[in-house]
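Read the structure below first, then the notes.
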Amino acid sequence: MIIQTRDIGKTFGSVLALREVSMSVEAGQVTCVLGDNGAGKSTLIKILAGVHQHDTGSFLVDGAEVRFGSPREALDRGIATVYQDLAMIPLMSVWRNFFLGSEPRKGLAFDVATARRVAREELRAMGIDIRDVDQPVGTLSGGERQSVAIARAVHFGARVLILDEPTSALGVKQAGVVLRYIARARDRGLGVVFITHNPHHAYPVGDRFLLLNRGTSLGEYRKGDITREELTGLMAGGAELEQLSHELSHEPDRE
Ligand SMILES: Nc1ncnc2c1ncn2[C@@H]1O[C@H](COP(=O)(O)OP(=O)(O)OP(=O)(O)O)[C@@H](O)[C@H]1O
Ligand SMILES: [Mg+2]
């Protein structure tokens, strides 16, 4: 077990963002965090990532309690986070972005040849087919940009990869591409935390599922203990959605 939270709680002023939430992240497994808007998903992963600190409960990394003072501290423990607004510079090339802030050097000079080669190799090792690492990141699709960010985190030695809604802005095909890279990162032994509000994205890649509803945990389930239908039903609004789709598909004929 790399990460474990036990009954973690967090308030912002009078807002109870999280209440007694327990979850775990294991090497070579994908933990999905599901919930509707405002459920507390981002708050939870920001605690893991060192952006926020919990008020109650405990947060353990490698079995020992921690409290990160900054994202740097989380990164030093191998916990890397890919946010939706990826910290990338659109006009810069793929390989420049890959090494942003950690450029390989040859003496004092930026080692361009190495950077281009390593970026190309790492992308290929993740099965990412970028035609040309010299092309500006701004010309990539949303799914490809997410994929570059995932490959970058893997290259820089992440043990835990946290992805905050990487598929929510994507079409079906691109979401599929990102899900494949999540599986690839898992197969390379990383513990992946995948935040989504889409049970159909979570179910195929997830090993365990944490469901949040207004800051409260509805439980952490192992895949063998829950079906896709049960997962969908447990999601906040799941029942309403079923009802809605029923209504919409049985709209009385107006003619
Ligand atoms: N920095 C903050 N200051 C005050 N309130 C906050 C802050 N961050 C989050 N909240 C509140 O905490 C609750 C949970 O928010 P959070 O962003 O964790 O939800 P979420 O599950 O990520 O939602 P979404 O699916 O919309 O991204 C919300 O009521 C939100 O308004
Ligand atoms: Mg969020």
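Nothing fancy with the numbering, it's 1 onward along the sequence.
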Hey, quick one: are V33 and L16 part of the same hydrophobic cluster, counting side-chain heavy atoms closer than 4.5 Å, chains of contacts allowed? no
Is M23 reachable from V66 through a run of I, L, V, M, F, W or Y residues, each pair having side-chain heavy atoms under 4.5 Å apart? yes
K46 vs T43, test: side chain to side chain contact (heavy atoms under 4.5 Å, CB included). Steps then yes/no. CA-CA 5 Å; K46 282 176 180 167; T43 302; 5.8 Å; no
For D62 and R77, what are the C-alpha separation, side-chain angles and deciding distance, and is it a salt bridge (charged side-chain N to carboxylate O under 4.0 Å, His left out)? CA-CA 10 Å; D62 299 322; R77 297 296 301 271; 3.2 Å; yes
Looking only at atom types and distance, does a side-chain atom of K223 sit under 3.5 Å from a main-chain N or O of F209, one as donor and one as acceptor? no
N/O donor-acceptor pair under 3.5 Å between T5 side chain and F59 backbone: no
Would you say that W95 contacts V118 through its side chain, given a criterion of any heavy-atom pair below 4.5 Å between the two side chains? no
So, does T81 use its side chain to make a donor-acceptor pair with the main chain of I162 at under 3.5 Å? no
Atom CZ of R67: over 12 foreign heavy atoms under 6.0 Å: yes
Would you say T216's side chain and R19's backbone share a donor-acceptor pair under 3.5 angstrom? no
Mind checking whether L231 and Y221 have side chains closer than 4.5 Å, heavy atoms only? no
Any donor and acceptor pair, going by atom type alone, linking the side chain of R6 with main-chain N or O of S58 inside 3.5 Å? no
Does some side-chain heavy atom of M88 sit less than 4.5 Å from a side-chain heavy atom of V148? yes
Would you say R222 has more than 12 foreign heavy atoms packed within less than 6.0 Å of its CZ? no
Can you tell me if E122 uses its side chain to pair, donor with acceptor, with the backbone of A151 under 3.5 Å? no
Run through M1, Q4, R159 and flag the one making a side chain to side chain contact (heavy atoms under 4.5 Å, CB included) with V61. R159
Classify the ring geometry of F98 against F156: parallel below 30°, tilted from 30° to 60°, perpendicular beyond 60°. tilted
Using modelled atom types only, decide if a donor and an acceptor are shared between the side chain of E73 and the backbone of G69 within a distance under 3.5 Å. yes
Is there side-chain contact between L48 and V160, with at least one heavy-atom pair below 4.5 Å? no
Is there a donor-acceptor pair closer than 3.5 Å between any side-chain N or O of K41 and the backbone N or O of G35? yes
M92: hydrophobic cluster co-members (side-chain, 4.5 Å): I89, L100
Classify the ring geometry between F99 and H155 as parallel (under 30°), tilted (30 to 60°) or perpendicular (over 60°). perpendicular
Has R184 got a side-chain atom pairing as donor or acceptor with I128's backbone, closer than 3.5 angstrom? no
Is there a chain of hydrophobic side chains (I, L, V, M, F, W, Y, each step under 4.5 Å between heavy atoms) that links I3 to L60? no
For L123 and V94, run side chain to side chain contact (heavy atoms under 4.5 Å, CB included): C-alpha distance rounded to whole Å, both residues' side-chain angles, the deciding distance at 0.1 Å, then the answer. CA-CA 10 Å; L123 290 168; V94 170; 3.9 Å; yes
Where the side chain of E220 meets the backbone of S24, is there a donor-acceptor pair that is under 3.5 Å apart? yes
Atom CZ of R120 with >12 non-hydrogen neighbours under 6.0 angstrom: yes
When you look at L44 and V193, which way does the side chain to side chain contact (heavy atoms under 4.5 Å, CB included) test go after all the steps? CA-CA 11 Å; L44 176 63; V193 182; over 6 Å; no
Looking at R124, I'd like to know if its CZ atom is crowded, meaning that more than 12 non-hydrogen atoms belonging to other residues, nucleotides or ligands lie closer than 6.0 Å. no
Tell me whether V82 shares a hydrophobic cluster with L75, the cluster being built from Ile, Leu, Val, Met, Phe, Trp, Tyr side chains joined at under 4.5 Å. no
Would you sort out whether N198 and S168 count as a side chain to side chain contact (heavy atoms under 4.5 Å, CB included), showing the intermediate values? CA-CA 8 Å; N198 190 335; S168 62; over 6 Å; no
Decide yes or no for R116 and D134: does some side-chain heavy atom of the first lie under 4.5 Å from some side-chain heavy atom of the second? yes
